[in-house]
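Data block below; observations after.
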Amino acid sequence: MKIFLFVICVLPVSFLAQKPSERISSLRVTVDLLNKKKMAISEDQNIHYQSISPRMAGIYSALLPGLGQYYNKKYWKIPIVLGGIGVGIGIMLWNQKNYLRYYRAFQAELNGQKHEFSSIPGVSKEALGRIQDQYKRQRDYSIAVTSLVYLLNIMDAVVDAHLYDQKHDPDLTVRPTVLSDIGSNIGKAGLAVSYKF
């Protein structure tokens, strides 16, 4: 405790005992050290920013949906991507299975053979053909939508990687704000976007 009190008492006195030019030079050394430390931190951040490559994010997403989002550290998007593609594949497989059922029944009806719908009264080859076409069309739509979700997954990863630097830029901010209407005292919720040059 005595040493602590001694240091607290002696340091200000030694600082005041210095000549003004010595004080300024010691302050300059301190400022230079702080600036070097700040530059080292910003260089580390730039190295980190450069490590996020849009090309690699796109390749990862193309190889395995959701991997590009993992690469971009957007973990909350992974279940959305996998869920969208999984649901699309599930609907496509279900429609394909039903299409094949009705296609076989349609072919059997055309050849005059028994099929799984033979015991149902009123089933004709026209009805089987319409239902078969309906399932085929729904299968094709589900393939198209699943392909679109797959492409959006890749585009999201690439765009997110491109915008990675801007998201961490302290000069670009988006924050909630209250907007006032002219001539009214009622405030409305909104977003304020500011960019410092």
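Below, each value reflects all heavy atoms present in this structure, side chains not excepted, and no hydrogens, waters or symmetry copies.
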query: Cluster question for you: counting only ILVMFWY and a side-chain heavy-atom cut-off of under 4.5 Å, with indirect links fine, are V158 and L163 together?
result: no

task: Kindly work out whether a path of hydrophobic side-chain contacts (I/L/V/M/F/W/Y, heavy atoms less than 4.5 Å apart) joins L67 to M56.
output: yes

Which pairs of donor and acceptor atoms, one on a side chain in residues 122-132, lie under 3.5 Å apart (sequence neighbours left out)?
{"unit_1": "S124", "atom_1": "OG", "unit_2": "E126", "atom_2": "OE1", "d": "3.2"}
{"unit_1": "S124", "atom_1": "OG", "unit_2": "A127", "atom_2": "N", "d": "3.4"}

message: For the NZ atom of K136 and the CG atom of N95, what is their distance to the nearest 0.5 Å?
response: 13.0 Å

task: Return the minimal non-hydrogen interatomic distance between N72 and A157, and the atom names on each side.
output: ND2-O, 2.8 Å

- prompt: For the side chain of S61 and the backbone of I154, is there at least one donor-acceptor N/O pair under 3.5 Å apart?
  reply: no

message: Please say yes or no: joined through hydrophobic side-chain contacts below 4.5 Å, possibly via intermediate residues, are L63 and I85 part of one cluster?
response: no

query: Is the shortest heavy-atom distance from the side chain of S142 to the side chain of W94 under 4.5 Å?
result: no

Pair Q69-D156, side chain to side chain donor-acceptor pair (under 3.5 Å): steps then yes or no: CA-CA 8 Å; Q69 284 73 17; D156 172 67; 2.9 Å; yes

- request: Check the hydrophobic clustering (I, L, V, M, F, W, Y; side-chain heavy atoms under 4.5 Å; chains of links allowed) and say if V87 and M92 are grouped together.
  value: no

Identify every side-chain donor-acceptor pair in residues 99-113 under 3.5 Å, counting partners at least two apart or on other chains, and give the distances.
{"unit_1": "R101", "atom_1": "NE", "unit_2": "E116", "atom_2": "OE1", "d": "3.3"}
{"unit_1": "R101", "atom_1": "NE", "unit_2": "E116", "atom_2": "OE2", "d": "3.4"}
{"unit_1": "R101", "atom_1": "NH1", "unit_2": "N98", "atom_2": "OD1", "d": "3.3"}
{"unit_1": "R101", "atom_1": "NH2", "unit_2": "E116", "atom_2": "OE1", "d": "3.0"}
{"unit_1": "E109", "atom_1": "OE1", "unit_2": "H115", "atom_2": "NE2", "d": "2.7"}
{"unit_1": "N111", "atom_1": "ND2", "unit_2": "Q107", "atom_2": "O", "d": "3.2"}

task: Mind listing the closest non-hydrogen atom pair of A57 and A161 along with its distance?
output: CB-CB, 4.0 Å

- prompt: What's the verdict on side chain to side chain contact (heavy atoms under 4.5 Å, CB included) for V149 and N153, showing C-alpha distance, side-chain angles and the deciding distance?
  reply: CA-CA 6 Å; V149 171; N153 149 63; 5.6 Å; no

query: If only atom types and distance count, is the side chain of T146 paired as donor or acceptor with the main-chain N or O of I143 below 3.5 Å?
result: no

- prompt: Do D160 and K77 have side chains that get closer than 4.5 Å, going by heavy atoms?
  reply: yes

query: Are Y135 and I120 connected in the hydrophobic side-chain network, where two residues link if heavy atoms are under 4.5 Å apart?
result: yes

message: For the OH atom on Y150, are there more than 12 heavy atoms of other groups (residues, nucleotides or ligands in this structure) within a distance under 6.0 Å?
response: yes

